[in-house]
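Any value given below was found using the heavy atoms of this structure, including those in side chains, with hydrogens, waters and symmetry copies removed. Nothing here was measured: the structure is a model prediction, and the numbers come from that model. Labels below follow one simple rule: chain letters A, B, ... track the order of the sequence lines, proteins then strands, and each chain is numbered from 1.
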2 protein chains.
Amino acid sequence: MANPGKAAKAASNPEVAVEGRKVGQVLAAARHIFLEEGYGSASMDAIAREASVSKATLYAYYPSKEALFAACVSEECGKHRIVYEAIEAEHLPIDQALIRVGLQFMRFLLRPEVLAVHRVVVGESGRFPELGRAFYESGPCLIEARTAEFLQHVSERGELEIPNPQVAAELFLAMIKGHVHLRGTLAIAHKLDVAELERFITEAVRVFIAGYQPKS
Amino acid sequence: MANPGKAAKAASNPEVAVEGRKVGQVLAAARHIFLEEGYGSASMDAIAREASVSKATLYAYYPSKEALFAACVSEECGKHRIVYEAIEAEHLPIDQALIRVGLQFMRFLLRPEVLAVHRVVVGESGRFPELGRAFYESGPCLIEARTAEFLQHVSERGELEIPNPQVAAELFLAMIKGHVHLRGTLAIAHKLDVAELERFITEAVRVFIAGYQPKS
DNA sequence: GTCTATAAATGGATAGAC
DNA sequence: GTCTATCCATTTATAGAC
């Protein structure tokens, strides 16, 4: 498995820690340019310039602009897997726990890089269908699954009565997003009032809990 | 106001009924190309070709590609105003009324042209900030306002108890959208099971009503 | 693998005839 | 207003030297 011949190849570069040196620069530059300009407006020249390599080197790694785009955005989607860490709110009362999950969720969604990926993927998913699916499965779908697990535990402990945790998770996450996330993706400068967001999330949690209150 | 000189100018063309003949062709073609290719990948050549005019004519109407794009997408956003007609469900019991509103909402959102506009606007809103705002205000914002009005009436009749109809409308519409709309924008071919959508909406309505049940 | 140089096509935008 | 023809910068992609 280990390759003795070219052992100390990575980790000598301050850039992203992808295998190889230049390929890391290329991917980082591509990421930056594509997320900033979108697929159509981005140019391989700009990427090569920012990566400090020649265009020929780009094409040595990736056979086409499309391939580079797909590789680079797919990788970005994959990262989302890592970010949404396990919910550490199991010990709290249910309303406090859900509020915490909601805030954590929104803090993640509203990160500028996450919004940028969202924009590019939505914008290009008509032309890159696989991309839409990859994004969906490594992002929203995964987060929903984890939230469903959490809700299942909540239901098993009898704190709420949730016959279908999958559907409940979808409703919960959708409520939390509300229009705040949409405004984020639309780049509407809207001095995000954290206190107001918290009030909104609190109301969402209240409605959710009312909907899944145990009957006993 | 009326212009006797060039009276019978419009309405002689099978294309879209915008003022003038060629300008209508241009806008229709631009709409089509931009929505299909996105801003960056679309070309003025392609638009001119599809509109059956020369590029010079394009530039006679609009000074730049950006201007044509903005004009054409803004116009498309404006159309959304019209589509979401007044809610005609006031006479139904509240749960049935809300289910109906939800279905109507989703039928609108999932129309291919509406999804296409959504994709383009989200994709380009990073570079065209005014576009994001125009879309938001003529689409989601307006629909939310109308839904809030409806909920206010419901609350005034005592069917539900809704202290803040604005927030409630946001929660309601967000739940209805769930992940179905996201999958639509991501162009994920997902044989839309209408029966399942109806079940989902029914559950969303159930949770919503539980959250705003009058206390009496 | 990596570069310089360039091919070959297309991009947005315009000049000038009618 | 509309067209043909064209300018010139930029595009994706490649050939060939090192």
Reading nucleotides 4-18 of chain D from the 5' end, what letters show protein touch, with B for base, S for backbone sugar-phosphate only, - for no heavy atom under 4.0 Å? B------SBBBB---
Keeping to residues at least two apart or across chains, list the side-chain hydrogen bond (donor to acceptor under 3.5 Å, both in side chains) pairs with something in residues 180-200 of chain B.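 Sorted result for residues 180-200 of chain B: A:Y136-B:R183.
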Which residues pass the salt bridge (Lys or Arg N to Asp or Glu O under 4.0 Å) test with A:R107, not counting sequence neighbours?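 Scan of A:R107 (salt bridge (Lys or Arg N to Asp or Glu O under 4.0 Å), adjacent residues dropped) gives none.
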May I ask you to say what A:Y62 touches in the nucleic acid, namely base, sugar-phosphate or nothing, with a heavy-atom cut-off under 4.0 Å?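 Contact class for A:Y62: none.
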Roughly, in whole Å, what's the span from CG in A:L58 to C1' in C:dC3?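 Distance check: A:L58 CG to C:dC3 C1' gives 13 Å.
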Residue pairs, two or more places apart or on separate chains, that pass salt bridge (Lys or Arg N to Asp or Glu O under 4.0 Å) and touch residues 50-69 of chain B: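 Counting only pairs at least two positions apart or across chains, the salt bridge (Lys or Arg N to Asp or Glu O under 4.0 Å) contacts touching residues 50-69 of chain B are B:D45-B:K55.
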How would you list all residue pairs meeting salt bridge (Lys or Arg N to Asp or Glu O under 4.0 Å) that involve residues 124-137 of chain B, not counting sequence neighbours?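 Non-adjacent pairs meeting salt bridge (Lys or Arg N to Asp or Glu O under 4.0 Å): B:E124-B:R127, B:R133-B:E137.
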Let me check something: any side-chain donor-acceptor pairs from residues 166-178 of chain A under 3.5 Å, sequence neighbours excluded? List them with distances.
from, atom 1, to, atom 2, distance (Å)
A:Q166, NE2, A:E144, OE2, 2.8
A:E170, OE2, B:H179, N, 2.8

Nearest-neighbour nucleotide for the B:K22 side chain, C:dT2, D:dG1, D:dC3 considered: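 Ranking C:dT2, D:dG1, D:dC3 by closest atom to the B:K22 side chain puts D:dC3 first.
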